[in-house]
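All of these numbers come straight from a predicted model, not from anything done at the bench. Just so you know, ligand 1 is whichever comes first in the structure, and atom 1 is the first atom listed for that ligand. Any value given below was found using the heavy atoms of this structure, including those in side chains, with hydrogens, waters and symmetry copies removed.
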Amino acid sequence: MTLLIASLRLGRLVPSHNLTCLTRHLSVKATYKPGDKMTIAGKEYLVDHMNNITPHLLSHVGKNLHLQKHHPLHHISQRIIKYMYGRYLSPRGNPLFSVHTHLHPVVTVHQNFDSLLIPKDHVSRRKSDNFYVNEGQLLRAHTSAHQSELISMGLDNFLVIGDVYRRDEIDSSHYPVFHQVEGVRLFTKSELYGSHQNMEEFQLFAKGEPGSRQPPLHHPDTVQLLETDLKNCLMDLANTLFGKEVEMRWVDAYFPFTHPSWELEVWLNDEWTEMLGCGLIHQQILCNSGVSDKVGWAFGLGLERWAMKLYEIPDIRVFWSTDPGFLTQFTFDDPATPVKFKLVSKCLPCINDISFWIPTESEFEPADFYDLVRDVGGSLIERVHLVDEFTHPRTGLTSHCYRIVYRHMERTLTQEEVNQIHHIIEIQAADTLGVTVR
Ligand code: PHE
């Protein structure tokens, strides 16, 4: 609010009706102080010094694009569910997988990190990479956050589909909210090896040190069988969505919660694109969840990534568009209907730079600046990136220059409109990040 008044005093914000939607974000700058309550998707949370959830981000929580009928993310998730239902059947012919699409996005630090064996000092826990509600809770950074609790509840085969949140750079393929599908499949010895008369000859686990308190290691045959099932499942999924001819390759990867781990890359539109991460679930996670006689695999994939490739959608912001020109392209009931997305119009961008001296006494994080830009400019921000950085030889002060690309999805912005938003960004950056605009 102060900001709007400040800007009006400066005579920069000329209210006009077609600016109302542009400036909507500017007046809602709510500040949550430690001790305040924050309502997130219908639940109240106590805020503390760790909270870094901006009003712009908060406005996305609970939108659940993956549940919206005819939304491209819904179509893709339906196709994945159908595929998994059909692939794994009980002896009586029922789907083995259960599907969880309504799990609340606020999770504990334990769920998001500890339960997945992510070390206490791991970079992925940083405030600059996540949206924390308070010290103990955050908006989940991945659907893997639910693995452990669902396994503890006794589930052996499940999918979790939901919105996930990461503080990231801003460009056409990154948005602070996106959607993931998590798949988990557990096996008993006879489910993995099949039933044989001489079952004792088969072992899920390699012989460990006698009396060792370490979780057991997978027997090499167990690794082989799990790896084959996992990779075949995911390659067939990619073939189901992208066609039989699509070229794929496996790349070794690392995740603290799976070993071994891989990423699947697919050759589409003349480039290799990483489509998912997966691996064999660390046995410690199963032991901690009360399961000692099973082994399993897990995968996680980003729905936007799949949809952008499948429909040739060039910009991730499109998924949040409520423009009929976008939505009507997906208004059909059979999720497997082929679509080649037509961008309603790629209106001209406006590019403005901002340079400032960063404060020496506090820790300046580019992520704080990215959030601020997104908070003020909303979905008009197509890209923000650091174009120049230098340290003054005499004063020792460091200057950053960021290039902000503004683009409306449906119409061309005027330079004047963009200047107004840009100016608010300058004022806010000085106000809240302590930088000195040059
Ligand atoms: N959670 C991982 C991510 O978001 C993906 C993943 C899921 C990897 C399950 C392995 C197993 O990047």
Could you list, one pair per line, each nitrogen or oxygen of ligand 1 together with any protein nitrogen or oxygen closer than 3.5 Å, giving atom names and the distance rounded to 0.1 Å?
from     : atom 1 : to     : atom 2 : distance (Å)
ligand 1 : 1 (N)  : His142 : ND1    : 3.0
ligand 1 : 1 (N)  : Ser144 : OG     : 2.8
ligand 1 : 4 (O)  : Arg166 : NH2    : 2.9
ligand 1 : 4 (O)  : Gln180 : NE2    : 3.0

The criterion is ring pair (Phe, Tyr, Trp, His ring centres under 6.0 Å); which residues satisfy it with Phe242, sequence neighbours excluded?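 So Phe242 forms a ring pair (Phe, Tyr, Trp, His ring centres under 6.0 Å) with Trp306.
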
Ring pair (Phe, Tyr, Trp, His ring centres under 6.0 Å) filter on His218, not counting sequence neighbours, yields none

In terms of ring plane angle, is the pair His71 and Phe319 parallel, tilted or perpendicular, where the classes change at 30° and 60°? tilted

Which label fits His56 and His60: parallel for a plane angle under 30°, tilted from 30 to 60°, or perpendicular past 60°?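 Rings of His56 and His60: perpendicular, as their planes differ by over 60°.
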
Is it the case that the ring center of His75 lies less than 6.0 angstrom away from the ring center of Phe332?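 Yes - the distance between ring centres of Phe332 and His75 falls below the 6.0 Å cut-off.
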
Can you list the residues that meet the salt bridge (charged side-chain N to carboxylate O under 4.0 Å, His left out) rule with Lys340, with sequence neighbours excluded?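 Only Glu312 meet the salt bridge (charged side-chain N to carboxylate O under 4.0 Å, His left out) criterion with Lys340.
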
